[in-house]
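For reference, the structure is listed below as structure tokens.
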There are 2 protein chains.
Amino acid sequence: MVDAALRLLDDVGLPDLSMRRLATELEVQPSALYWHFSSKQELLAAVADRILATVPEPDPALPLTQVAVAIRDALLAFRDGAEVVMSTYALRLGARRAQDSLLAALGGTSTADESAADAIFEFILGHSMLLQQRMHAQSIGAVLADAADPTARSEDVFAAGIGAFAALSVRHSPS
Amino acid sequence: MVDAALRLLDDVGLPDLSMRRLATELEVQPSALYWHFSSKQELLAAVADRILATVPEPDPALPLTQVAVAIRDALLAFRDGAEVVMSTYALRLGARRAQDSLLAALGGTSTADESAADAIFEFILGHSMLLQQRMHAQSIGAVLADAADPTARSEDVFAAGIGAFAALSVRHSPS
DNA sequence: ACCTGAACACCGTTCAAGT
DNA sequence: ACCTGAACACCGTTCAAGT
């Protein structure tokens, strides 16, 4: 059922992912969904966990950049993935894992490292959500007076962000 | 009318900010709103611009941290402010100003500085949205097995993020 | 245990028609 | 120029009742 929701999300996007539509997809009455999940929020939280399922377990041997890229790619792998994760973040069952993996990659256990890990996660989420937002606007044809492809510069922007954090982490760790 | 929308947003939050409710607030029929704005999206874009209206004009004399704090505070000044700005970012009429102010604060005009400015903006948005998300969850009473106040550590996380970018900018500029 | 049927209280948007 | 009235095609959620 979560799989069906994830497929539907990728097909139609978050605004059109309704309980009624999902029910139709499953050839079931809308009310049937409420036996499995008590609300749409809960269903979306389960979807969010599935989206982040591919990010690696915490592992100090993993470089920060690699973990960051894995999280970003997980978010971008499904339409509106970043927004789904963001909107269910408060009931984070699985977002915590992503943050733990970042923390491990930073190699630290200090509260300063925890703050850094949180900040990096917030950056990746903000970056990915804004990117997907632009991708959607572009597909609608809402062209801004801006440069061509919104996706084009985004790799540089992501690198700039992760680079800033990586630089900090390098300067801290050689102790 | 945008003022009324902004007030209503702050009162009831984005999920309950409907065209019909706004119309009721203005003592008018829902359809009347569509003479002024062609869609809810457009109305929200105008609201987003109002939210960011208090961020300072681009000024190289302004320190990066100050501009970053100004943007964050603008987003946090209204309930769900970050989400509204994010969701209308693609048709950014006013988000561009915030990014330009960051760019000026970085002091640069290189494409590397542009990427950095974008990354900082993405971090601030992600940070603010996640914070407001937690604030809302807390008000609902959805307490996680986590530490007490979600707002408590957020100042440290924000400082960690901005600090990382500021450190980069310092190392680049003394040329 | 799992689902249907029917209802409740809503949505955004369009469009003829009024003033 | 600005608004009403009425409709269209939807929502999430609840709850008795069925199997």
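Chain A is the first sequence line, chain B the second, and so forth, proteins listed ahead of strands; every chain is numbered from 1.
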B/Glu122 side chain to A/Ile124 backbone, donor-acceptor under 3.5 Å | no
Is the Lys NZ or Arg CZ of A/Arg134 less than 6.0 Å from the centre of B/Tyr89's six-membered ring, within 45° of the axis?
-> no
Mapping B/Val28 and A/Pro30 to their closest nucleotides on DNA chain D, which lands nearer the 5' end?
-> B/Val28
A/His36 or A/Arg20, whichever maps to the more 5' nucleotide of DNA chain C = A/His36
Name the nucleic acid region contacted by B/Ser18, choosing base, sugar-phosphate or nothing; use a 4.0 angstrom heavy-atom cut-off, strictly under.
-> sugar-phosphate
Positional range of nucleotides in DNA chain C within the contact set of chain B, heavy-atom, under 4.0 Å = C/dC11 to C/dC15
Under 3.5 Å, is there a donor-acceptor pair between the side chain of B/Thr24 and the main chain of B/Arg20?
-> yes
Gap in Å between the two P atoms, one belonging to D/dC10 and one to C/dA9, rounded | 22 Å
Complementary nucleotide of D/dT19, counting Watson-Crick and G-U pairs under 3.5 Å | C/dA1
What is the base-pairing partner of D/dT14, counting Watson-Crick and G-U wobble geometry with both distances under 3.5 Å?
-> C/dA6
Evaluate the side-chain proximity of A/Leu75 to A/Leu131: yes if any heavy-atom separation is below 4.5 Å, no if none is.
-> no
Should B/Arg153 and A/Asp118 count as an ion pair when the cut-off is N to O under 4.0 Å?
-> yes
Identify whether the distance between the nearest side-chain nitrogen and carboxylate oxygen of B/Arg7 and B/Glu25 falls below 4.0 Å.
-> no
